[in-house]
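Here the structure comes first, spelled out in structure tokens, and everything after it is commentary.
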Amino acid sequence: MTQTHPRSDQTYDLAIIGAGPVGTTLAILAAQRGFSVALVDARDPDVAPRPDTRTFAIVRGSWRLLGAAGVTDALCGSTEPLNGLEAVDGGTHWFGAPGVLFGNEDLPDDPDGQPLGQMVPAAALQAALDGTCADMDQIHWIRGKLFRDMETDNSGAILTLSDETQISARLVAACDGMKSAVRESVGIMTEGHDYNQSVFAANVKLGRPHEGIARQLFTPEGPFATLPMPDNRANLAWYMKRGAAETIAALPVEDINAELNARFADFAGPMEIDGPYSAYPLVMQLATRMVGPRTALVGDAAHRINPLAGQGLNLGFKDVGALIDVMCDARDVGLDPGSDVSLERYEKWRRFDATAAAMFMDGIDKAFTNDSAVLKPLRGLALSLAQKITPLRQALARQASADQAHLPSLMR
């Protein structure tokens, strides 16, 4: 159950700063495995959460991780099976727009019959995680408090919160997002760049069946994507030059519907805005290290990548799975989970994968967001080969769905 103040005489195995989907999932999984956990949540429990229109593409491996956390049953009725991913080059071509579609048939059979993934509303996912967290006595859930600072030594870390409360922990997980205060406190720098693009995001009603297929059209201005939702709705992501998305978001809904359908009805069918809409800037940011003294960076605190293929949250869940494996393995051989040896293993496991994913998405964005006479035939050839060569298509499907043998144990 939740408590108001931490017990000053306890040193927790793990202190987690940030209680979004990544931080809360980590708290649940660590507590289930016998670790004592303090979860610091900046959200005020007495204030209703802001509307969140995001929908996450939770791929097969990440869905297994959520299943291990015990939250998938609570999501029944709010998710939509993700049966396939389609990418189409919308630039001008002599012989039609090349594309690739891979789906459930390109993946190994799942014992539970799971598809490539599940489309999950952000609000529903957070509510399911919060409900599970609230029922766990092993989690000390500190709500409405902010991380202020911490000191570390060879035995652990002492964290100071916004109300001057102090917490002792052997390991600190920074799950506090792109502007991580924990990352800053241990002196880890970041690198990256601004894409000078923004994304217009909304939910829409579709005029034709989506069949569980996430579809993405690459245009010279940027991608346009529809992600399937229940009741033949879709979560829409429309990439534009910086300022254009913000301008669209300021229009009356009737004008937005008219612009959407004039531009993309041939691709996605008739669309109608269904609920709130917004625009946000697009940036890439990578931490120069994923660990510091007694500290592991997890999720957006470590890597914020181009959301082209919906891999951002899934990378965060890979971090969670890897950190859980590292902590359990360290305990099994009598090591401190927060020691330099344990943290070095976590960083080696996760840093290359996160950096590779960021660079790959960055390369895709640069290759497709143009109408270059040089690049068009090359990317058309790449898409055609990916469609026609079955082993290549299957490899892409396994990578996209996080269904691979080298992944953390809870994702396999």
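Using a 3.5 Å distance cut-off with no hydrogens or angles, the side chains of N203 and N235 do pair a donor with an acceptor. Looking only at atom types and distance, the side chain of N314 has a donor-acceptor partner in the side chain of S62 under 3.5 Å away. For D325 and Y346, the side-chain atoms include no donor-acceptor pair closer than 3.5 Å. S198 and E246 are linked by a side-chain donor-acceptor pair at a separation below 3.5 angstrom, with hydrogens and angles left out of the test.
T247 contributes atom OG1, which lies 14.5 Å from atom NZ of K241 (distance to the nearest 0.5 angstrom). Interatomic distance, CG of L236 versus CG of D274, reported as 12.0 Å (0.5 Å rounding). To the nearest 0.5 Å, atoms OG (S339) and CZ (R345) are separated by 11.5 Å. Between the CH2 atom of W238 and the CD atom of E221 there is a distance of 7.5 Å, given to the nearest 0.5 Å.
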Determine, step by step, whether D44 and K145 satisfy the salt bridge (charged side-chain N to carboxylate O under 4.0 Å, His left out) criterion, reporting the C-alpha distance in whole Å, the side-chain angles of both residues, the deciding distance to 0.1 Å, and the verdict.
CA-CA 8 Å; D44 187 337; K145 304 292 187 294; over 6 Å; no
Candidate pair E347 and L297, rule side-chain contact (heavy atoms from CB on, under 4.5 Å), full reasoning:
CA-CA 9 Å; E347 180 169 48; L297 305 188; over 6 Å; no
Kindly indicate, with the supporting measurements, whether the criterion salt bridge (charged side-chain N to carboxylate O under 4.0 Å, His left out) is fulfilled by R294 and D336.
CA-CA 10 Å; R294 293 280 163 181; D336 180 348; 2.6 Å; yes
Can M136 and I28 be said to form a side-chain contact (heavy atoms from CB on, under 4.5 Å), step by step?
CA-CA 8 Å; M136 298 187 70; I28 293 167; 3.8 Å; yes
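A salt bridge is absent between D176 and R183: the closest approach of a Lys/Arg side-chain nitrogen to an acidic carboxylate oxygen does not fall below 4.0 angstrom. Electrostatic pairing of D106 and R393 counts as a salt bridge here, judged by a charged N lying under 4.0 Å from a carboxylate O. Remark: D231 does not engage R233 in a salt bridge, criterion side-chain N to carboxylate O under 4.0 Å. At a threshold of 4.0 Å, the pair D13-R331 does not count as salt-bridged, since none of the basic side-chain nitrogens sits closer than that to a carboxylate oxygen. Using a cut-off of 4.0 Å between Lys/Arg side-chain N and Asp/Glu carboxylate O, R215 and E86 are scored as salt-bridged. The residues D194 and R242 are annotated as salt-bridged, a charged nitrogen and a carboxylate oxygen being separated by less than 4.0 angstrom. Under 4.0 Å is where a charged nitrogen must lie from a carboxylate oxygen, and between K318 and D353 at least one such pair does.
Two residues are said to be in side-chain contact when any heavy atoms from C-beta on lie closer than 4.5 Å; L26 and L14 meet this criterion. Under the 4.5 Å side-chain criterion, counting only non-hydrogen atoms from C-beta, H303 is in contact with D319. In this structure, V88 and Q216 have side chains that are not in contact, with every pair of non-hydrogen atoms separated by 4.5 Å or more.
Ring orientation note: the planes of F224 and F264 are close to parallel, at an angle under 30° on the 30°/60° scale. Note on ring orientation: taking the six-membered ring where Trp is involved, the planes of Y277 and F200 are tilted (angle from 30° to 60°).
Between the T288 side chain and the M189 main chain, a donor and an acceptor come within less than 3.5 Å of each other. Between the side chain of N232 and the main chain of H210, a donor-acceptor pair closer than 3.5 Å is present. Without hydrogens or angle criteria, S342 side chain to G338 main chain gives no donor-acceptor distance under 3.5 Å. Judged by distance alone, with hydrogens and angles left aside, the side-chain atoms of D52 form no donor-acceptor pair with the main-chain N or O of A123 at under 3.5 Å. Without hydrogens or angle criteria, D149 side chain to L159 main chain gives no donor-acceptor distance under 3.5 Å. With hydrogens and angles disregarded, no donor-acceptor distance shorter than 3.5 Å links the side chain of Q118 to the backbone of W63.
A cation-pi contact links R143 to W141, judged by a cut-off of 6.0 Å to the six-membered ring centre and 45° from its axis.
Heavy-atom neighbours of D332 CG from other residues, nucleotides or ligands within 6.0 Å: above the threshold of 12.
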